[in-house]
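Following: one structure in structure tokens, then a few remarks.
If you read the sequence from its start, that first residue is 1, and numbering goes on from there.
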Amino acid sequence: MVRRRSPQEKKSLSYAKDRRNGYGENDKSSRKNIPRNKRIRNRADRHRDSGSAEACGPVDLEAAEEYEVDLLARSKWQTARWQKKPDIPLRAMVAYKLRRRAHRVAMAAERDKVGREAAAAYSNTQGGISR
């Protein structure tokens, strides 16, 4: 039988298991962008591989072996250029947003303080005349 969880346990599990897209793009767009990136990479690899085989000319065993080694080395490098990145845990995303929000509030307070000081200095240079 499944044990019932308290709301606090559910929230803690949610923070641990749920993930969010930290890249900054719409999370729905990943369904199209990931297959497209894989498709573009594989297509580029196929074009590169088919084009270089024709440039070899007549079959020479040493040249063919050298070409094969070169092809395997290049193809590993080529396919490693784009990799899928995992989403970040919800706990990390919430912590990042809270830090960013606190920084934004602190900067706004500093900006307001500087503005008030500038206004006070301006009113003092006017000889205390209020309009």
Side-chain angles (χ1 to χ4, degrees):
M1 184 175 200
V2 177
R3 183 177 75 83
R4 293 186 67 169
R5 299 183 199 274
S6 70
Q8 292 82 8
E9 286 177 306
K10 289 180 183 178
K11 188 71 162 182
S12 180
L13 281 173
S14 172
Y15 275 135
K17 291 184 176 183
D18 292 355
R19 300 180 84 75
R20 293 292 183 267
N21 187 335
Y23 184 67
E25 66 182 5
N26 183 353
D27 56 342
K28 310 296 186 288
S29 69
S30 297
R31 284 186 298 207
K32 292 183 179 180
N33 289 338
I34 290 172
R36 181 180 348 147
N37 285 331
K38 290 170 78 173
R39 193 168 55 238
I40 289 171
R41 241 353 94 222
N42 292 336
R43 184 169 187 253
D45 288 346
R46 284 194 308 271
H47 278 272
R48 187 195 64 245
D49 295 347
S50 67
S52 7
E54 295 169 2
C56 287
V59 176
D60 178 19
L61 292 179
E62 285 184 23
E65 187 175 326
E66 187 176 311
Y67 167 74
E68 186 178 355
V69 169
D70 183 45
L71 182 66
L72 289 174
R74 279 190 299 167
S75 121
K76 285 180 186 173
W77 178 81
Q78 293 289 337
T79 53
R81 283 189 293 184
W82 181 83
Q83 289 183 345
K84 218 164 44 166
K85 301 283 190 289
D87 290 339
I88 61 175
L90 180 60
R91 185 181 309 276
M93 178 63 96
V94 169
Y96 167 73
K97 285 189 173 189
L98 289 176
R99 278 195 315 271
R100 193 175 69 185
R101 185 181 303 158
H103 178 70
R104 199 170 46 237
V105 167
M107 293 305 290
E110 181 67 27
R111 190 173 51 242
D112 290 345
K113 179 182 170 189
V114 169
R116 283 192 301 272
E117 290 172 356
Y122 178 74
S123 66
N124 289 339
T125 59
Q126 295 295 322
I129 302 172
S130 59
R131 297 181 188 206

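- Cluster partners of Val94, by chain and number: Tyr15, Leu90, Leu98. The rule joins Ile, Leu, Val, Met, Phe, Trp and Tyr whenever side-chain heavy atoms lie under 4.5 Å apart.
- Scored by the side chain to side chain donor-acceptor pair (under 3.5 Å) test, Asp18 finds Ser14 as partners (sequence neighbours excluded).
- Members clustered with Val114: none, using a 4.5 Å side-chain heavy-atom cutoff among hydrophobic residues.
- Taking each heavy atom of Pro89 and Arg19 in turn, the nearest pair found is CG-NH1, 3.8 Å.
- For Glu117, the CD atom sits in a packed shell: over 12 heavy atoms of surrounding residues, nucleotides or ligands are nearer than 6.0 Å.
- For Arg100, there are no salt bridge (charged side-chain N to carboxylate O under 4.0 Å, His left out) partners, not counting sequence neighbours.
- Residues Glu9 and Arg4 are not paired through a salt bridge, judged by the lack of any N-O separation under 4.0 Å between the basic side chain and the carboxylate.
- Checked against side-chain contact (heavy atoms from CB on, under 4.5 Å), Asn26 has the following partners two or more places apart in sequence or in another chain: Lys28, Ser29.
- To the nearest 0.5 Å, atom OG of residue Ser12 and atom NZ of residue Lys17 are 10.5 Å apart.
- Applying the side chain to side chain donor-acceptor pair (under 3.5 Å) criterion to Arg31, with sequence neighbours excluded, gives no partner residue.
- Once rounded to the nearest 0.5 Å, the distance linking CZ of Arg104 with CZ of Arg111 reads 10.5 Å.
- A search for side-chain contact (heavy atoms from CB on, under 4.5 Å) contacts involving Arg43 returns Arg46, His47, not counting sequence neighbours.
- Judged as a side-chain contact (heavy atoms from CB on, under 4.5 Å), and not counting sequence neighbours, the contacts of Lys10 are Arg5.
- Listed by chain and number, the residues in a side-chain contact (heavy atoms from CB on, under 4.5 Å) with Ser30 are Asn21, Glu25, Ile34 (sequence neighbours excluded).
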